[in-house]
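Worksheet: one structure, shown below.
Keep in mind that this is a model prediction, so the values were computed, not measured.
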Amino acid sequence: MEFDNIETIKRSVEIGAGISVVPQLSVRREVQSGTLVELQFARRNFLRPLGIIVRRRHALSPAAGKFIHMLQHSQRERPAGAPRRK
């Protein structure tokens, strides 16, 4: 199954419809209340691919430009087998 909403994903896991990988912060309340259980990854650093989208022909603020530059030039270690950035 594929959902586009974290709340829907959490409710599906709560009813036993599967498991999911979501941001830890988004399930903090459910883990504290005991409706969901958090499992740890074997590798400490779990990287998730991200994309950057901007409006076409729209000027970016200086802060947005610096943020995008920082994301594009971060020197994080690639996990074994991860594709190289283009």
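Legend: residues meeting salt bridge (charged side-chain N to carboxylate O under 4.0 Å, His left out) with E7, ordered by chain and number and at least two apart, are K10, R11. Residues satisfying the side-chain contact (heavy atoms from CB on, under 4.5 Å) test with S61, not counting sequence neighbours, are A63, A64. With sequence neighbours left out, the side-chain contact (heavy atoms from CB on, under 4.5 Å) criterion links Q24 to E38.
Follow the hydrophobic side-chain contacts under 4.5 Å out from L36 and you never reach I6; the two are in separate clusters. The hydrophobic cluster containing M70 also contains I52, counting ILVMFWY residues as joined when their side-chain heavy atoms lie under 4.5 angstrom apart, directly or transitively. No single ILVMFWY cluster, assembled from side-chain heavy atoms under 4.5 Å apart, contains both V37 and V27.
For the atom pair OG of S33 and CD of E14, the computed distance is 7.0 Å after rounding to the nearest 0.5 Å.
Residue I19 places its CD1 atom among 12 or fewer non-hydrogen atoms of other residues, nucleotides or ligands, all under 6.0 Å distant. More than 12 heavy atoms of other residues, nucleotides or ligands shown are found within 6.0 angstrom of CZ on F3.
Between the side chains of E30 and T35, no donor-acceptor pair of N or O atoms lies under 3.5 Å.
V54 is listed as a side-chain neighbour of L60, based on a closest heavy-atom distance under 4.5 Å.
Of all heavy-atom pairs between S20 and V22, the closest is OG-CG1, 3.5 Å.
Under the 3.5 Å distance criterion, the side-chain polar atoms of H73 are matched with a main-chain donor or acceptor of H69.
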